[in-house]
Amino acid sequence: MDYLNELNEPQRQAVVNTEGPTMVIAGAGSGKTRVLTFRIAHLIHKGIDPFQILALTFTNKAAKEMKARIGKIVGESEAKNIWMGTFHSVFARILRSEADRIGYPRDFTIYDAADAKNLIKDIIREMNLDEKVYKPGLVYNRISSAKNNLISATSYASNTDLEADDRMSGKPLTGEIYQRYEQRCFRASAMDFDDLLFKTNVLLRDFPDVLHRYQQKFRYILVDEYQDTNYAQYLIVKKLAAMYENVCVVGDDAQSIYAFRGANIQNILNFKKDYPDFKIFKLEQNYRSTKTIVHAANSVIEKNRDQIQKDVWTDNEEGEIIRVLRAATDNEEGKQIAADIFDTKMNAQARNKEFAILYRTNAQSRSFEEALRKLNINYRIYGGLSFYQRKEIKDLLAYFRLTANPNDEEALKRVINYPKRGIGDTTIDALILAAAENNTGIWNVVEMPEMFQVRANAGSLNKVKEFATMIKSFGVQLNTKPGYELASHIATSSGILKELYDDKSPEGVSRYENIQELLNGIKEFSEASPADELRSLSDFLIEVALLTDADNEDPENKDHVTLMTVHSAKGLEFPYVYIVGMEENLFPSQLALNSREELEEERRLFYVAITRAEKRCTLSYANTRYRWGNLTHCEPSRFIDEVDSKYLEMPPAPKELNFDEEWDEPSFRKMKVPKKDSLFEKEPSKKAAVPATPSPSKRNLVKLDEKRPATSVPSSDSDSDLKVGQNVHHEKFGKGKVIQIEGIEPNRKATVFFPAVGQKQLLLRFAKLDILD
DNA sequence: TGCCCGGGTGTTTTT
DNA sequence: CACCCGGGCA
């Protein structure tokens, strides 16, 4: 067991103390994955059957990688038997094998967010509600968080608090939508993402024998990223662990960034209550980053009120200072970063894959893509529209889904007339209506329209029946043919392949290729299975429903710059990290400024971002940015101020300032703002002279939409101190002589000659001039 | 039934 | 800006 020698003392303790409830608080970069990996390997070495180990990770990718690492230590054949994956994928598997208990077929469909929203939209329409008021997306979120808190549709509808809430927001019928949504999902034999956790809880609650069986089975339970679990997940773990109490949770409260999705830091605190005799191990030595990065990150996170005390430190070298780059526009930001990557590649002989560009929102990726493409730097974007969300992929998958589960109404609606087969909206509406009138599923009507008085002409109904026959013919092959064969057969017989093949436009060609790629993926999937078990198409469907972009990394062509949101960067590390869009209202997000809790979550997010960096971390912001169509001004993020200034190198002043025209450009204003520690500035700047902006901090600066309110104008006549002929000193330009003063407040400006840089016009409102004589 | 145009609307973050 | 939806027209 020489792997134990590769660990420091707290890590080793966390690995070898395998029995009983254990909490590992792991600072960023402290070798958390290593500990989890070794802990599982250690269990197996001690003779624990891998089938009895349940390891829950945050992403499929993390699970896959961890499995591979464990495999290296204990052997592939052992490692592959561990129950490891995300909550969603592991419990989808379990739900599948226990489906009959809760009245679902084995091959139930997993609705993705788009399916769910579509269905909700339909329901809202059927109820004749105003879509502008009941926005499907928001209703979906509301239902989602109810499920994450284990509030069923029935209890939601009878909960007066929730009802009052909904009434306040003008949506008193949300409860009824939830109920109908549940019924429709059930009728379609479908579960949404949240159901996978919700229904697991139902299963474990209502069927003690099932609970007992899994309690017995999972003697050892490990949960990664515990700070990001929600109530539904917490309760599953608690129940499953109740028998042996060999539960080990690993997390870092400072990296909790999913409260918006119901994650609850309280789960970490609850651990103490649930298992009073738990052991706790703190991993505080960071092996990932330089001292600069670790200290800078600490200086940020310490501003949060809610946190578990810990002291992350490192033995690594001091490392490079954190640069702050400023760009005039979002496009410039892209160019600057791309150029910087280019330079670094040259100077440090770095490879593309050593770089990551992290942003707050997916929409920010565009300018970086363009700039990187221009410099011929390979990149890959994670998140955003994933492969599986493309139209052509969803279309084909819908055929697969319908084959496995004909009740799947979302899939049915998607493909009943694609490719075109003469079943128009009128016919479809008639089918839906007939289904509703007879209180049955659409599939039943599709299969036997004559039984349900469908108001549509005979010709159309014949086509409907043909469609049903086709789907049924696929269905009978479900468990006899290998997944790949059936999939290709469906792609061909459905007409999809031909439809796309005939489209010779570039997009059409690419769609055709995507379909081929999907089919190849299924082939790989079928073949990756052990020889003795046949992996069917429905096995693939379960898998694919929970797959994200990050999960299909192509092994070749791996040398690319990574572009992703900070959220998806969690758990990853890169030598060179750029955190971009460091602007107020973007990072921190505008929507997170309403409460301390939300702001603290944004700060943790920033902490996560900084701590992804190994060697060098760079922050950047733009002065202006296109946001929904028009150019908006941006203030640098308060988070820049929150980094201890001794680890920061602020941007140089802009090269050229055109004060004549755009004198209230924020780029100009920005330069004059006190940069550091402004939040904590004890005394107002003693610099006498011309205190153009009275505000001690950026926070007091003019908000963008309030165009230059009176408050920003110094009411004093302090600038009357300034006279033509005086010698002054300027932060950036050095010594100079005032040549001319003109204009009236607030637009009073001075023309100053600086020997170093020449003649400049300065707006007194912003310029900081010290009078020298 | 299908296509095109115009208006309205919206942006965190993800399994 | 980019997308989606609805309405009007071929």
OP1 or OP2 of B/dT14 under 4.0 Å from side-chain N/O of A/Asn362: yes

Using whole Å, report how far CD1 of A/Ile110 lies from C1' of B/dT15. 10 Å

The nucleotide from B/dT15, B/dT14, B/dT1 with an atom nearest the side chain of A/His567 is B/dT14

Is any side-chain heavy atom of A/Phe540 closer than 4.5 Å to one of A/Leu518? yes

Hey, are A/Ser145 and A/Asn148 close enough side-chain-wise for a donor-acceptor pair under 3.5 Å? no

Could you check A/Thr565 against A/Ser460 and say which one's nearest nucleotide on DNA chain B is further toward the 5' end? A/Ser460

Which nucleotide, B/dT1, B/dT14, B/dT15, lies nearest any side-chain atom of A/Thr86? B/dT15

For atom OH of A/Tyr382 and atom P of B/dT13, their distance in whole Å: 18 Å

Parallel, tilted or perpendicular, judged at 30° and 60°: which one describes the rings of A/Tyr258 and A/Phe58? tilted

List the residues meeting ring pair (Phe, Tyr, Trp, His ring centres under 6.0 Å) with A/Phe186, not counting sequence neighbours, and say none if there are none. A/Tyr104

Name all residues meeting the salt bridge (Lys or Arg N to Asp or Glu O under 4.0 Å) criterion together with A/Arg184; count only those two or more places apart in sequence or in a different chain, and write none if there are none. A/Glu126, A/Glu409

Using the six-membered ring wherever Trp is involved, compare the ring planes of A/Phe355 and A/Tyr578 and label them parallel, tilted or perpendicular (cut-offs 30° and 60°). parallel

Taken in chain and number order and not counting sequence neighbours, the residues that satisfy ring pair (Phe, Tyr, Trp, His ring centres under 6.0 Å) with A/Tyr359 are none

Atom OH of A/Tyr359 and atom P of B/dT14: how far apart are they, to the nearest Å? 9 Å

Smallest heavy-atom separation, A/Glu410 atom then A/Arg401 atom, equals CB-NH2, 3.9 Å

Across the strands shown, which category fits A/Ser568 at heavy-atom distances under 4.0 angstrom: base, sugar-phosphate, nothing? sugar-phosphate

Can you tell whether the side chains of A/Asp107 and A/Arg96 come within less than 4.0 Å, N to carboxylate O? yes

In whole Å, what separates the C1' atom of B/dT13 from that of C/dC4? 23 Å

Whole-Å distance between B/dT14 P and A/Asp194 CG? 15 Å

Rounded to whole Å, please give me the gap between CE in A/Met84 and C1' in B/dT15. 18 Å

How far apart are the C-alpha atoms of A/Glu225 and A/Lys32, what are their side-chain angles, what is the distance that settles it, and do they pass the salt bridge (charged side-chain N to carboxylate O under 4.0 Å, His left out) test? CA-CA 10 Å; A/Glu225 309 281 11; A/Lys32 177 183 61 128; 3.1 Å; yes

A/Thr427 vs A/Glu598, nearer the 5' end of DNA chain B by closest nucleotide: A/Thr427

Nearest whole Å is fine: how far is B/dT15 P from A/Tyr234 OH? 25 Å

Provide, to the nearest angstrom, the distance between the CD1 atom belonging to A/Ile542 and the C1' atom belonging to B/dT15. 14 Å

Please tell me if A/Ser589 has a side-chain N or O lying less than 4.0 Å from either OP1 or OP2 of B/dT13. no

How about A/His88 and A/Asn60: do any of their side-chain heavy atoms sit closer than 4.5 Å? no

Under 4.0 Å between any heavy atoms, over every strand shown, what does A/Tyr626 touch: base, sugar-phosphate, or nothing? Just pick one. nothing

In B/S/- notation (B base, S sugar-phosphate only, - none; protein heavy atoms under 4.0 Å), nucleotides 2-11 of chain B written 5' to 3' is S-------BB

Residues A/Arg261, A/Asp228: salt bridge by 4.0 Å N-O rule: no

Report, one pair per line, the protein and nucleotides 5-10 of chain C atoms (nitrogen or oxygen only) whose separation is under 3.5 Å.
unit_1	atom_1	unit_2	atom_2	d
C/dC5	OP1	A/Lys121	NZ	2.3
C/dG6	OP1	A/Arg125	NH2	3.1

How many whole angstroms separate atom CZ of A/Arg421 from atom P of B/dT1? 14 Å

What parts of residues 250-263 of chain A reach DNA chain B, counting only heavy atoms under 4.0 Å away? A/Tyr258, A/Phe260, A/Arg261

